[in-house]
Amino acid sequence: RQMTTAATFANWTAKAANMTIEGLRYSIRDCRKAAEAAKGWDAAGEGKYMDELSVYLTEVSKRGALAHPEHFNIAA
């Protein structure tokens, strides 16, 4: 698969830093659904969405939202 570049990670990181928690929640769910849809037939697409999801989860963690999981349901 084509690897996600450092520049792409930097762009996602900058985007995530400016998103609301609600926006991050939506994007986490969207990436998870897209990765699941690509599973089994598009490994590159699946990997890309999982990479993007990891950036959004990192941003949520940085903000401490995971300290109160009852307020932040990121389950699919």
Side-chain angles (χ1 to χ4, degrees):
R1 91 172 168 96
Q2 184 177 357
M3 300 299 290
T4 304
T5 66
T8 301
F9 272 104
N11 287 337
W12 288 334
T13 300
K15 177 182 171 184
N18 291 303
M19 293 170 79
T20 63
I21 289 292
E22 219 23 71
L24 288 163
R25 275 175 102 172
Y26 177 85
S27 294
I28 288 165
R29 287 187 182 127
D30 190 50
C31 286
R32 184 174 284 130
K33 287 178 185 177
E36 288 173 3
K39 190 174 186 172
W41 68 275
D42 182 5
E46 181 184 4
K48 174 189 161 277
Y49 286 112
M50 293 304 293
D51 288 344
E52 187 175 359
L53 183 147
S54 73
V55 171
Y56 299 142
L57 285 174
T58 298
E59 181 62 28
V60 168
S61 182
K62 282 183 190 175
R63 296 183 193 187
L66 293 179
H68 302 285
E70 69 277 8
H71 297 243
F72 196 85
N73 180 11
I74 58 171

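The basis for the numbers below is simple: all heavy atoms, side chains too, and nothing from hydrogens, waters or symmetry mates.
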Glu46: side-chain hydrogen bond (donor to acceptor under 3.5 Å, both in side chains) partners, not counting sequence neighbours:
none
side-chain hydrogen bond (donor to acceptor under 3.5 Å, both in side chains) against Thr8, all qualifying residues, sequence neighbours excluded:
Thr5
Measure the [atom1]-[atom2] distance between [X] and [Y] for me, rounded to the nearest 0.5 Å.
X	Y	atom1	atom2	result
Met50	Thr4	CE	OG1	11.5 Å
Arg25	Ser27	CZ	OG	12.0 Å
Leu24	Cys31	CG	SG	10.5 Å

Short N-O contact, Glu36 and Lys39, less than 4.0 angstrom
no
Could you pull out the closest heavy-atom pair between Ala38 and Gly45, with the gap in Å?
CB-C, 4.2 Å
So the side chain to side chain donor-acceptor pair (under 3.5 Å) pairs with at least one residue in residues 9-18 (sequence neighbours excluded) are Lys15-Tyr56
When you look at CZ of Phe9, are more than 12 heavy atoms from neighbouring residues, nucleotides or ligands closer to it than 6.0 Å?
yes
Is it the case that atom CE in Met19 sees more than 12 heavy atoms from other parts of the structure closer than 6.0 Å?
yes
Run the side chain to side chain contact (heavy atoms under 4.5 Å, CB included) check on Val55 and Glu59 step by step: do they pass?
CA-CA 6 Å; Val55 171; Glu59 181 62 28; 5.9 Å; no
Is the shortest heavy-atom distance from the side chain of Arg32 to the side chain of Ile28 under 4.5 Å?
yes
Find out whether Leu53 and Leu57 are in side-chain contact, i.e. whether some heavy atom of one side chain is under 4.5 Å from a heavy atom of the other.
yes
